[in-house]
Every structure is written in C-alpha cells, then in structure tokens.
Amino acid sequence: MPESRKEQLPADIQTGDLSVSFDPATANTMALDSGQVEENSTEVLAAGAYYVKVRNTSLVTITVNGDDLNPNNEFILESRTNPVNNRHDFCPAVTIVTPARGSANYVTYRPST
C-alpha cells in the first residue's frame with residue numbers, strides 16, 4: 001500500500017540572500033450559530049460570518065435586509081475571496097424582520113475565535 005502522510009511546509013526557506021519564514025496554520029473549529037425568529041420581532045445577525053442562511057418558515061412574507069422573503073424561501077450569503085485585492089470579504093450584517101404570524105430560522109458559520 002502507498003504510504004499516507006501529512007506534508008508540512010518547512011519553517012524556513014533560504015535561497016542565496018533571500019530568507020522566508022512560514023508559520024503553519026493552527027487547526028480550530030468554526031463557530032455555528034442557529035436560531036428561530038418569532039413573530040413581531042427583529043433579529044440582527046452580526047457581520048463577519050463565512051455563511052448565512054435565513055429561511056422563512058411562516059405563511060406570510062418577512063423581510064431580510066429590507067427585501068421581501070416569501071414563505072418557504074431562503075436568503076443565503078457566502079463569504080468570498082476578492083481576486084482584485086486578494087482579500088477575503090466576509091458576510092455583512094443581516095437584519096430579519098418578522099410581522100404578525102411571521103417566523104424564520106437561521107444558521108451562520110463564523111470564524112473560530
């Protein structure tokens with residue numbers, strides 16, 4: 001059987017007059033947040049998530065970030081890498097507003113702390 005091993009970058013690379021140091025990434029776990037928004041309420045999900053999903057679980061239209069979200073539909077945001085400036089853009093804050101008889105559930109994945 002072939003040997004299975006985990007490759008790691010060397011801590012330092014030196015070529016002539018150039019020296020580069022690497023710090024390997026540390027493993028951690030993403031934070032998961034989920035919840036329910038009851039009728040006649042407003043919930044603000046903080047900015048900075050990798051992923052946000054809001055689902056309208058009621059029979060009436062709710063609003064998410066000022067836009068209508070019809071019953072049984074979902075609002076999804078995902079963070080992305082911006083190739084223009086080589087930066088990672090996280091999700092903005094999300095505001096969920098539910099009227100009478102309205103409800104929603106949400107899930108967010110956030111960077112580890």
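Only heavy atoms go into these numbers, but all of them, side chains included; no hydrogens, no water, no symmetry mates.
In this structure, Y51 and C91 have side chains that are not in contact, with every pair of non-hydrogen atoms separated by 4.5 Å or more. Counting only heavy atoms from C-beta outward, the side chains of P99 and I62 approach each other to under 4.5 Å. The side-chain heavy atoms of E78 and V52, taken from C-beta on, include no pair separated by under 4.5 Å. Between F75 and N65, some side-chain heavy-atom pair lies under the 4.5 Å cut-off. Two residues are said to be in side-chain contact when any heavy atoms from C-beta on lie closer than 4.5 Å; V60 and P71 fail this criterion.
Between the E39 side chain and the R101 main chain, a donor and an acceptor come within less than 3.5 Å of each other. Formation of a donor-acceptor pair under 3.5 Å by the D89 side chain with backbone atoms of N82 is not found in this model. With N40 contributing its side chain and A100 its backbone, the two residues share a donor-acceptor pair below 3.5 Å.
Note that CG of L69 and OG1 of T63 are 9.0 Å apart. Values are rounded to the nearest 0.5 Å. Separation of atoms OG1 (T61) and CG (D68) is listed at 5.5 Å; rounding is to 0.5 Å. The CG atom of L77 sits 13.0 Å away from atom NZ of K53, with the distance rounded to the nearest 0.5 Å. We find the CZ-CD1 distance between R55 and I96 to be 13.5 Å, quoted to the nearest 0.5 Å. Distance CG/L45 to OG1/T95: 8.0 Å, rounded to 0.5 Å.
Atom CG of L59 sits in a sparse spot, with 12 or fewer heavy atoms from other residues, nucleotides or ligands closer than 6.0 Å.
Grouping the Ile, Leu, Val, Met, Phe, Trp and Tyr side chains by contacts below 4.5 angstrom, directly or via other members, places I76 apart from Y106. A continuous path of hydrophobic side-chain contacts links F90 to M30 [ILVMFWY only; heavy atoms under 4.5 Å].
Inspection of the T57 and S103 side chains reveals an N or O donor paired with an N or O acceptor under 3.5 Å.
The side-chain contact (heavy atoms from CB on, under 4.5 Å) check on L32 picks up V107, Y109, with sequence neighbours excluded.
Smallest separation of non-hydrogen atoms from S79 and A49: CB-O, 4.0 Å. Nearest heavy-atom pair, P111 versus G48, reported as atom, atom and distance to 0.1 Å: CD-O, 3.3 Å.
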